[in-house]
Protein chains: 2
Amino acid sequence: MEHRSDGIAKAITRAIVNKRLAPGCKLSEQTLADVFKVSRTVVRQAIIKLTEDGLVTIERNRGAYVSTPSYRDAVEIYDALTILEQGVAAQLAGRLDARSWSELRRHVELQHKAVEEHQDGLADQLGSGFHELLIKFSNNSVVQAMHSQLIRRTSLLRFLVDSRFDYCGLLHDHAVLVDLLEEGQVAEAQKLIDEHHRTVVRGYLLDMERIPKMSAREALAPFVEAATEGGPPG
Amino acid sequence: MEHRSDGIAKAITRAIVNKRLAPGCKLSEQTLADVFKVSRTVVRQAIIKLTEDGLVTIERNRGAYVSTPSYRDAVEIYDALTILEQGVAAQLAGRLDARSWSELRRHVELQHKAVEEHQDGLADQLGSGFHELLIKFSNNSVVQAMHSQLIRRTSLLRFLVDSRFDYCGLLHDHAVLVDLLEEGQVAEAQKLIDEHHRTVVRGYLLDMERIPKMSAREALAPFVEAATEGGPPG
DNA sequence: TTGCGACGAATTGATACCCAATCTATGCAG
DNA sequence: CTGCATAGATTGGGTATCAATTCGTCGCAA
């Protein structure tokens, strides 16, 4: 961990991804400074980083809040994900070695098991993980950075819906996608990626209202020590 | 301009894009604080933003430097640009109104004139501008933000080469691309985008050595007042 | 009751000053 | 010329302070 503000930014990011810090939650500088036992200076630096990442929005003279993406934002984010993944798909189709294909398949199986065991949180995480793994095989750190930023942003979107996803269908998409890619069927794979993301967006009916509310202090509690030391908790 | 650090970050960005601040140039906190007449705190915030943007690299306990991208970085950045533009091309092909196509053509003409008049700087800027205009028509601010970040990064790459670009060929590509897109020939357009960027990367022979050197103080001089007030100079 | 303005508390944006840790350069001894 | 030690400069971070802004509350008039 380079700077103290990096650790804090990552802790807050984890709190968001783990669905503890909800959109709209106020991130008061003094509160965060107390929670993480650092000065306001460092907290501000962390908030700036989160703002650049799109997870936090600063309102001048009012403070920082966890971003509340609009429906339009959701569409744009998934559109961007589609473009990136289609592009990478075109590069990878029929070009990975056997180990890589089986790694992808193993990942799908893991998620399958998580879904069967009703471990929703884990299944969610593995779902995004599949897309990230796919991108990783592109071997392009620039594309990877943009993609994982988008994935982080999608975790904000999941707050704004209560619709149960059709995990089964989405999971099946993943399995089919690996098959198509291994066979080198680029066009079909790209079409599937597009439909896959459209399905996800359709699930977001933007029940903008009832967002679980928890103070930043409570939400961050499990992530505090990880910010100053080494390993993440959950 | 929201915060003071935003103005400073933008000023430094302009200095880089205008080829005054070269890769490797040290950005000393105290120097920048003097130049912009602000406290070190604000300078640090600006530097953090530039770091998130990939234009600046912080070396712990050593300071901030304008990033010096490697050849690999160059390839990855243009690869990412290719993916984004191919994706947007697929969306736009045959789907814009007449005004938009003519706006693109007018842009190509402008650059044509700049090249004829040997206004290299302007031609360069219009060259990137064409790609940005194309992306703008996607109407997706997320994609647009990622793309313009990549474009900013390419301005770092142009420091590391002295090879004369084949402006004529690249310009011709732009003209052809508009035709292909208007006719809805997606596959051909995507292929052209790929080749176009490959041509550009080939121009980067990475003459890593001779980089024009100028102190941050000199380089930033023309951009200082714009940081605290309103309008940009160049 | 409703609407409006004034006042006060709390928060942010920014500055100055401080100090420890670390890096760099200088100069000296061998 | 090489290796090392010391001194100086720079960074990372903390504390205190202050103006500006926002927001909530209170009181008052219609």
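Small disclaimer: the values here were computed from a predicted structure and weren't measured. All heavy atoms count here, side chains included; hydrogens, waters and symmetry mates do not. Naming convention: chains lettered A, B, ... in sequence-line order (proteins, then strands); numbering from 1 in each chain.
Proximity of residues 40-50 of chain B to DNA chain D (heavy atom under 4.0 angstrom from any strand atom) is restricted to R40(B), R44(B).
In this structure, K10(B) does not pair ionically with D6(B), as no charged nitrogen and carboxylate oxygen lie closer than 4.0 Å. The pair D73(B)-R153(B) fails the salt-bridge criterion, with no side-chain N (NZ, NE, NH1 or NH2) lying under 4.0 Å from an Asp/Glu carboxylate O. No salt bridge links E52(A) with K49(B); every basic N to acidic carboxylate O contact stays at or beyond 4.0 Å.
Atom CD in E59(A) sits roughly 11 Å away from atom P in dT22(D) (whole-Å rounding). Atom P of nucleotide dG14(D) and atom CZ of F36(A) are separated by 13 Å, given to the nearest angstrom. Protein atom CD of E29(A) is 15 Å distant from nucleotide atom C1' of dG14(D), rounded to whole Å.
If you walk DNA chain C from 5' to 3' and mark each nucleotide with an atom closer than 4.0 Å to a heavy atom of chain B, the marks span dG13(C) to dT24(C).
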Legend entry - Q111(A)/H174(A) under side chain to side chain contact (heavy atoms under 4.5 Å, CB included): CA gap, chis, key distance, verdict: CA-CA 10 Å; Q111(A) 193 189 351; H174(A) 290 182; 3.6 Å; yes
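A residue-by-residue look at N61(A) and I58(B) shows that I58(B) has its nearest nucleotide of DNA chain D further toward the 5' end.
At least one donor-acceptor pair under 3.5 Å links the side chain of S67(B) to the backbone N or O of L55(B). With R60(B) contributing its side chain and E2(A) its backbone, the two residues share a donor-acceptor pair below 3.5 Å.
Just one of N140(B), I135(B), I83(B) meets the side-chain contact (heavy atoms from CB on, under 4.5 Å) condition when paired with V88(B); it is I135(B).
Side-chain nitrogen and oxygen atoms of R4(A) include none within less than 4.0 Å of the OP1 or OP2 phosphate oxygen of dT11(D).
Heavy atoms from other residues, nucleotides or ligands lying under 6.0 Å from NZ of K113(B) number 12 at most.
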